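The structure under discussion appears below in the form of C-alpha cells.
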Amino acid sequence: MTGGGTRDTRFAQDDRNIGGLMHGRADLPAVEVCAYNAELRDKDGFIGDRASKRGFQSILEEWRDRLRTQHEDPLGDVSTEAIGKKALDKALAKGEPEAAGLLLGAVEDFATELAMIAQRLLRTAGWRGVQRIAVGGGMRASRTGEIAIGRASVLLKSRGQKVELRPIKHHPDEAGLMGAAHLVPSWMLAGHDSLLAVDIGGTNMRVGLVELNLKEAPDLCAARVMGVRIWRHQNDSPTRDDAVAGLCGMLDTLIRRAENDKLHLAPFIGIGCPGVVRKDGGIERGAQNLPGNWQSPEFNLSRCIIQAVPQIAGQPTSVMLHNDAVIQGLSEVPWMKDIQRWGILTIGTGLGNASFANHGIV
C-alpha cells in the first residue's frame, strides 16, 4: 500500500510481461534493490569464487597438501570434496586437536577472503553505506560456516569498516523460499494463507509451500516453510527441458497438497534463480551452473511455468522471477528495519550478492 491507504499500482497486472508481473524489478514493496550479482574480478578471474563452497574446499585442500608432504594428514584419506558439513563441524568441535587446528587454519584463510570480497563490494556504488550484511547459502548451515562469518566480521571491524556480518536468521534452504513472499505487496496476498516458492541452484532445485501467517505478523516475520520438494538435479544431469518438467512436477505436487490441506493458496509463484533477470523473465547472464542453456533468448522460464500451471485455485497464475541472492536476502526484511542500508552474501556453488535500501527510512 502507498500513502493514504491507496493501492500500490506498481504491482498491477501488466499484459506486456509474461505472468503479469515485471521480473527482476528493483522497486519492491519493502525495499529498493540497489545492486545484485556484482561480478568482481582481478587478474585471476572472479574473486567471488574464492568465497564459495569450492573456494573453501580449495583452501582446505591446500592446507592438507602442506601437511602431507612431511606428515600424516589429520583428516585421514578421505577426499576433501567428500567431507560434509557435519563431519567438518564434528572435527572442529570434538576431533583431534591437529584436525581441529587444520580446519581453523582453513577457516581463517576463508574468512580473510570473505572479508576482502565484502570490502571490495563496499567500495562499489551499489554497496556504499551498507551497515549490515547477512550471510546465507549452504555453508552458513554449519558451525564451521558460522565461525568463518564471525571471523570475517571481526576482520572487517578491525580494519575500520563500520559494517557487521552475521549469519542469515533462517536456514538458508528455507530463506531462499520465504523471501518470495516479499516480492509482492500484501494486498496481492489478501485472503490467502500460503504461496508457492521456487529456489533454483546449481546443485538443487527446491519448491516450497510457504505459510504466510499474515494475521499473526503482517511483516511476514512469522512466515514458515510448511512443505518442500527437493531435487538434486546435479546428480541426474538433466537437459534444460527435463529440468523444467521436473520443476513443474514438484509444483503440481505441492498444489495438490495445498488443496488436500484446504489451504487458500495464492495464485502466485515466486522464483529465485542465479544470474541477472530481465524484465520479461529471461535470464541475461550468470546461469552457467544450471543444466542446459537458460540464457538463450528463446528460453523463458516464466512462460514455461505459466503453460504448465495456468491456474492456481481457479485463478490465473502470476509468476515473478528474481535473482536467488535477492530472494534469500528478502527473508531478512523483518529484521533489518533498524537500519537503512544492508546486504546479503550467499555462499554456495558460487558467491551470490545483493544490497538493499529500506523504504521509508531517512
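Because the structure is a prediction, the values reported are computed rather than measured.
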(request) Would you check if the side chain of Gln131 reaches a backbone N or O of Arg341 as a donor-acceptor pair within less than 3.5 Å? (result) yes

(request) Search all heavy atoms of Thr144 against all heavy atoms of Phe56 and return the closest pair with its distance. (result) CG2-CZ, 4.1 Å

(message) Would the distance check show the side chain of Arg240 and the main-chain N or O of Asn293 forming a donor-acceptor pair, the cut-off being under 3.5 Å?
(response) yes

(message) For the backbone of Ala222 and the side chain of Asn213, can you confirm whether one donor and one acceptor N or O come within less than 3.5 Å of each other?
(response) yes

(request) State whether Arg132 and Glu332 are salt-bridged, where the test is any N-O pair (Lys NZ or Arg NE/NH1/NH2 against Asp/Glu carboxylate O) under 4.0 Å. (result) no

(request) Report yes if the side chains of Leu212 and Asp193 come closer than 4.5 Å at any heavy-atom pair, otherwise no. (result) no

(message) Within the supplied structure, the quantity of interest is the number of heavy atoms (other residues, nucleotides, ligands) at a distance under 6.0 Å from His171 NE2; does it exceed 12?
(response) yes

(message) Do Met226 and Ile269 sit in one hydrophobic cluster, given that two such residues count as connected whenever their side-chain heavy atoms are within less than 4.5 Å of each other, even indirectly?
(response) yes

(message) Main chain of Pro74, side chain of Arg64: is a donor-acceptor contact present, judged purely on distance under 3.5 Å?
(response) no

(request) First locate atom CD1 of Ile344, then atom CZ of Phe356, and finally report the distance between them rounded to the nearest 0.5 Å. (result) 7.0 Å

(message) Regarding Thr80 and Glu61, do their side chains bring together a donor and an acceptor under 3.5 Å, going by distance alone?
(response) yes

(request) In plain terms, say whether Glu146 and Arg143 are close enough for a salt bridge, that is, a side-chain N and a carboxylate O under 4.0 Å apart. (result) yes

(request) Decide yes or no on side-chain contact (heavy atoms from CB on, under 4.5 Å) for Leu345 and Leu114, but give the supporting numbers first. (result) CA-CA 9 Å; Leu345 296 175; Leu114 183 59; 3.9 Å; yes

(message) Just verifying a value: how many Å separate Asp27 CG and Glu32 CD, rounded to the nearest 0.5 Å?
(response) 5.0 Å

(request) Only one of Glu216, Glu174, Glu211 passes salt bridge (Lys or Arg N to Asp or Glu O under 4.0 Å) with Arg224; say which it is. (result) Glu211

(message) Counting C-beta onward and ignoring hydrogens, is there a side-chain heavy-atom pair between Val198 and Met205 closer than 4.5 Å?
(response) no

(message) So which atom in Asp280 and which in Asn300 form the shortest heavy-atom distance, rounded to 0.1 Å?
(response) O-ND2, 2.8 Å

(request) Supply the atom-to-atom distance Leu265 CG to Gln315 CD, rounded to the nearest 0.5 angstrom. (result) 10.0 Å

(request) Would you indicate whether the side-chain heavy atoms of Leu28 and Met320 approach each other to under 4.5 Å? (result) yes

(request) Could you tell me which non-hydrogen atom of Arg50 sits nearest to which non-hydrogen atom of Glu113, and how far apart they are? (result) CD-OE1, 3.2 Å

(request) Output, in order, the C-alpha distance, side-chain angles, deciding distance and verdict of side-chain contact (heavy atoms from CB on, under 4.5 Å) for Val309 and Asp252. (result) CA-CA 8 Å; Val309 188; Asp252 184 64; 5.9 Å; no

(request) Say whether, by atom type as modelled, one donor and one acceptor occur between the side chain of Thr124 and the main chain of Arg120 under 3.5 angstrom. (result) no

(message) Return the CG to CD distance between Asn358 and Gln340, rounded to the nearest 0.5 Å.
(response) 7.5 Å

(message) On a heavy-atom basis, which atom in Ala197 and which in Ala180 lie closest, and how many Å separate them?
(response) CB-CB, 3.7 Å

(message) Tell me which one of Ile271, Ile312, Thr317 satisfies side-chain contact (heavy atoms from CB on, under 4.5 Å) with Leu196.
(response) Ile312

(request) Nearest 0.5 Å please: distance from the SG atom of Cys273 over to the CG atom of Leu301. (result) 6.5 Å

(request) Check whether the ring centres of Tyr36 and His322 lie less than 6.0 Å apart, and answer yes or no. (result) yes

(message) Could you tell me if the side chain of Leu92 sits less than 4.5 Å from the side chain of Leu104, heavy atoms only?
(response) yes

(message) Salt bridge check, Asp89 against Lys86: does any charged N sit closer than 4.0 Å to a carboxylate O?
(response) no

(message) Quick one: does any side-chain atom of Thr346 pair with a main-chain N or O of Ala325 as donor and acceptor, under 3.5 Å?
(response) no

(message) If hydrophobic clusters are built by linking Ile, Leu, Val, Met, Phe, Trp and Tyr wherever their side-chain heavy atoms come under 4.5 Å apart, do Val184 and Leu195 end up in the same one?
(response) yes

(request) Would you indicate whether the side-chain heavy atoms of Ser331 and Ile168 approach each other to under 4.5 Å? (result) yes

(request) For Gly286 and Gln295, work out which heavy atoms get closest and say how close. (result) N-OE1, 3.0 Å

(message) Would you compute the distance between atom NZ of Lys162 and atom CG of Leu122 and round it to the nearest 0.5 angstrom?
(response) 13.0 Å

(message) The test is side-chain contact (heavy atoms from CB on, under 4.5 Å); show your working for Asp199 and Ile327 and say whether it passes.
(response) CA-CA 9 Å; Asp199 183 12; Ile327 292 186; over 6 Å; no

(request) Give a yes or no on whether the backbone of Cys221 and the side-chain of Asp219 come within a donor-acceptor separation of less than 3.5 Å. (result) yes

(request) Tell me, with the steps shown, if His71 and Glu98 meet side-chain contact (heavy atoms from CB on, under 4.5 Å). (result) CA-CA 11 Å; His71 307 282; Glu98 274 201 358; over 6 Å; no

(message) For Val244 versus Cys304, what's the shortest heavy-atom pair and its separation?
(response) CG1-CB, 3.8 Å

(request) Report yes if the side chains of Leu75 and Ile83 come closer than 4.5 Å at any heavy-atom pair, otherwise no. (result) yes

(message) Hydrophobic cluster membership, with links at side-chain heavy-atom distances under 4.5 Å among I/L/V/M/F/W/Y: are Ile117 and Leu155 in one?
(response) no

(request) Identify whether the distance between the nearest side-chain nitrogen and carboxylate oxygen of Arg278 and Glu284 falls below 4.0 Å. (result) no

(request) Please tell me if the side chains of Leu209 and Leu263 come closer than 4.5 Å, counting only heavy atoms from C-beta onward. (result) yes

(request) Would you mind reporting whether Thr253 and Met250 have side-chain heavy atoms less than 4.5 Å apart? (result) no

(request) Group every Ile, Leu, Val, Met, Phe, Trp and Tyr by side-chain heavy-atom contacts under 4.5 Å, then state whether Trp335 and Val31 land in the same group. (result) no

(request) Using side-chain contact (heavy atoms from CB on, under 4.5 Å) as the criterion, point out the one residue from Ile149, Ile147, Ile347 that pairs with Phe110. (result) Ile347

(request) Identify whether Val154 and Ile133 are in the same connected component of the hydrophobic contact network (ILVMFWY, side-chain heavy atoms under 4.5 Å). (result) no

